[in-house]
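Below: the structure, in structure tokens.
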Amino acid sequence: MSSPLPLLRNYVAGEFVASEKTFPNVSPIDGRTLSQVCEATAALVDRAVAAAKSAQEGPWAEFSVSQRADMLMRIADGIERRFEEFVAAEVADTGRPVQQARTLDIARGVHNFRTFAELVRQSGSEFFEMRAADGSDVFSYTVRKPHGVVAIISPWNLPMLLLTWKVAPALACGNSVVIKPSEDSPSSATLLAEVMHEAGLPAGVFNLVHGFGPNSAGEFLTRNPDVDAITFTGESRTGATIMKAAAEGVRDVSFELGGKNAAVVFADCDFDAAVAGVLRSSFTNSGQVCLCSERVYVERPIYERFVAAMKAGAEQLKIGYPDEDGVNMGSLISHKHRDKVLGYFELARSEGANEITGGGVPVFGDERDNGAYVQPTIWTGLSDDARCVREEVFGPVCHIAPFDTEDEVIRRVNDSAYGLATALWTRDLKRAHKVSRRFHVGMVWVNTWFLRDLRTPFGGARLSGLGREGGRHSLDFYSEISTICVNA
Ligand SMILES: NC(=O)c1ccc[n+]([C@@H]2O[C@H](COP(=O)([O-])OP(=O)(O)OC[C@H]3O[C@@H](n4cnc5c(N)ncnc54)[C@H](O)[C@@H]3O)[C@@H](O)[C@H]2O)c1
Ligand SMILES: O=C/C=C/C=C(\O)C(=O)O
């Protein structure tokens with residue numbers, strides 16, 4: 001008799017709450033059901049929002065900025081104490097390499113809380129002096145207050161990193177939160193609720209509801225009129241839907257959405273560093289990072305050599321179990337997402353792509369053949385108008401095209417509905433500064449990729465997002481700022 005599967009519960013008003021309705025959490029490594037997840041009903045979502053709202057009138061409202069910062073440090077310590085449990089949870093849900101979960105996902109979870117604890121502790125406000133017409137002195141200053149209840153809806157690609165990137169500043173600024181993690185990555189969010197409980201966060205300040213989007217916990221949450229602000233990371237079309245819901249009651253929104261990012265490689269680059277960098281920016285997390293380069297433009301003199309080096313690098317990537325020595329790539333998040341990516345592999349062939357490498361699924365001859373693996377794939381030969389060059393695939397794939405001039409490559413990079421990030425490889429830093437500011441994107445990395453200073457603004461233009469988070473930009477979004485003017 002097999003033991004019952006773990007049950008991942010909601011967390012509302014300081015208590016773990018089961019639901020009658022559950023859904024399976026399926027391993028993308030071998031298709032096994034890992035756990036059953038309690039789907040929050042509309043009534044339970046309403047209870048969570050009500051708990052968050054009343055927590056604004058409770059002990060949490062009496063916390064000073066420094067006490068809130070101390071609480072965030074306790075949460076960071078709590079995650080660190082259970083670090084390997086978080087690693088195991090993230091790896092089980094997503095199939096990613098253990099090494100990545102350790103050094104990126106969970107490490108950033110701890111770092112996000114510590115960063116915003118220090119940022120809010122050091123944050124001041126603004127002060128202005130002027131003289132009124134009657135000669136009296138006028139002093140104006142600003143104060144930051146919490147919005148109140150913040151809904152946080154997060155995706156499955158970097159579950160812990162992206163959830164805590166929002167929870168940390170929201171709590172730092174004194175809000176209560178109701179989080180709705182992706183249905184495809186429920187485990188680390190559930191562990192985070194346990195850490196919040198253990199840290200002694202006042203009941204109702206942190207709430208977790210599991211479920212899906214439309215006609216489920218996600219939609220119920222965004223439509224609840226007692227939600228004061230919504231922060232969302234996910235697909236652009238989902239963002240548009242949520243924006244419509246937020247319009248009722250004119251709620252503040254912060255969106256980090258999709259991308260179709262470019263890597264631009266000039267002939268004067270450090271060739272080996274550029275190859276290694278573009279392999280990283282194309283295949284990290286099986287290409288399931290919003291910042292990944294799905295479009296690669298290479299200056300013509302080194303184009304053939306670069307394609308050959310990328311082919312060799314992609315074919316050396318080790319795809320396998322998360323804890324295998326030297327594994328570089330795991331599975332995709334789900335069979336559904338794998339089928340979407342395989343659909344683009346098929347579409348590329350019909351659009352006339354040269355398939356330099358990949359284009360299918362690896363055969364393991366074991367249980368992993370029930371998983372959601374695909375091969376790292378490289379295309380060339382597609383036109384800039386091809387759907388595979390314009391639409392976000394969100395898998396381990398890139399298209400490499402040659403270019404001849406700066407103006408040409410800038411025009412082609414900007415010819416996109418998205419505007420999230422560009423990676424630029426050149427030794428000529430004068431050119432780098434000049435070219436970087438001409439890309440219509442939220443972020444440009446020069447001779448690196450996904451290197452993050454959390455004090456900087458992070459976000460996208462066009463379909464890639466609305467607003468910026470990071471550093472004081474997060475404190476601004478998660479606060480209601482008042483100006484107080486005193487006629488002395
Ligand atoms: N810009 C960024 O920083 C960033 C970061 C990570 C992922 N992304 C984007 O996210 C996408 C992949 O993540 P995903 O597949 O989880 O995205 P998704 O939009 O399908 O889902 C994201 C979250 O929104 C919820 N949701 C879906 N429909 C909803 C609705 N109508 N109302 C309320 N909630 C709803 C989902 O349940 C999930 O929790 C990619 O497009 C990627 O580019 C962007
Ligand atoms: O998949 C997208 C990655 C987003 C990363 C961040 O939001 C971050 O590094 O803070």
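This is a predicted model, so every value here is computed, not measured. Note that these values count all heavy atoms, side chains included, but never hydrogens, waters or copies made by symmetry. When a ligand or atom number is given, it counts from 1 through the structure's own listing order.
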Selection from Pro186, Gly218, Ser185 by shortest heavy-atom distance to atom 34 (N) of ligand 1: Gly218
Option with minimal heavy-atom separation from atom 5 (C) of ligand 1, where the choices are Leu221, Thr233, Leu291: Thr233
Shell of residues surrounding ligand 2, defined by a 4.0 angstrom heavy-atom cut-off that is strict: Arg108, Asn157, Leu158, Leu161, Leu162, Trp165, Glu256, Val289, Cys290, Phe450, Arg452, Phe458
Which of the ligand 1 atoms, numbered from 1, are nearer than 4.0 Å to a heavy atom of [X]:
X: Glu219; result: 32 (N), 33 (C)
X: Thr238; result: 18 (P), 19 (O), 26 (N), 27 (C), 28 (N), 29 (C), 35 (C)
X: Phe212; result: 37 (O)

Look at [atom] and say which protein heavy atom is nearest, naming residue and atom and giving the distance to 0.1 Å.
atom: atom 6 (C) of ligand 1; answer: Asn157 OD1, 3.2 Å
atom: atom 9 (C) of ligand 1; answer: Gly234 O, 3.3 Å
atom: atom 15 (O) of ligand 1; answer: Trp156 NE1, 2.8 Å
atom: atom 41 (O) of ligand 1; answer: Glu392 OE1, 2.6 Å
atom: atom 35 (C) of ligand 1; answer: Gly213 CA, 3.4 Å
atom: atom 44 (C) of ligand 1; answer: Leu257 O, 2.9 Å
atom: atom 31 (N) of ligand 1; answer: Thr241 CG2, 3.7 Å
atom: atom 13 (O) of ligand 1; answer: Pro155 CB, 3.4 Å

Can you tell me which portion of [X] lies within the under-4.0 Å heavy-atom range of ligand 1? Options are side chain, backbone, both, or neither.
X: Pro181; value: backbone
X: Ser154; value: backbone
X: Phe394; value: side chain
X: Gln288; value: neither
X: Val289; value: neither
X: His337; value: neither

Checking the N or O distance criterion of under 3.5 Å, is ligand 1 in contact with [X]?
X: Lys180; value: yes
X: Glu183; value: yes
X: Glu256; value: yes
X: Ser464; value: no

Heavy-atom closest contact (Val441 atom, Leu420 atom, distance):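 So the two residues come closest at CB-O, 3.6 Å.
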Protein heavy atom under 4.0 Å of atom 28 (N) of ligand 1: yes
Check: Glu391 main-chain N/O paired with Lys260 side-chain donor or acceptor under 3.5 Å: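 Side chain of Lys260 to backbone of Glu391: a pair is present.
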Aromatic ring proximity Tyr478/His147, centre distance under 6.0 Å: no
Ring centre gap for Tyr297 and Trp425 strictly below 6.0 Å: no
Non-hydrogen atom of Phe255 closer than 4.0 Å to ligand 1: no
Non-hydrogen atom of Pro214 closer than 4.0 Å to ligand 1: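 For ligand 1, residue contact (heavy atoms, under 4.0 Å) with Pro214 is present.
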Mutual orientation of the aromatic rings belonging to His337 and Phe394 [parallel < 30°, tilted 30-60°, perpendicular > 60°]: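 Ring orientation of His337 relative to Phe394: perpendicular.
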Neighbour count above 12 (heavy atom, 6.0 Å) for Arg349 CZ: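 Counting neighbours around CZ of Arg349, more than 12 heavy atoms of other residues, nucleotides or ligands fall under 6.0 Å, so yes.
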Short N-O contact, Lys336 and Asp184, less than 4.0 angstrom: no
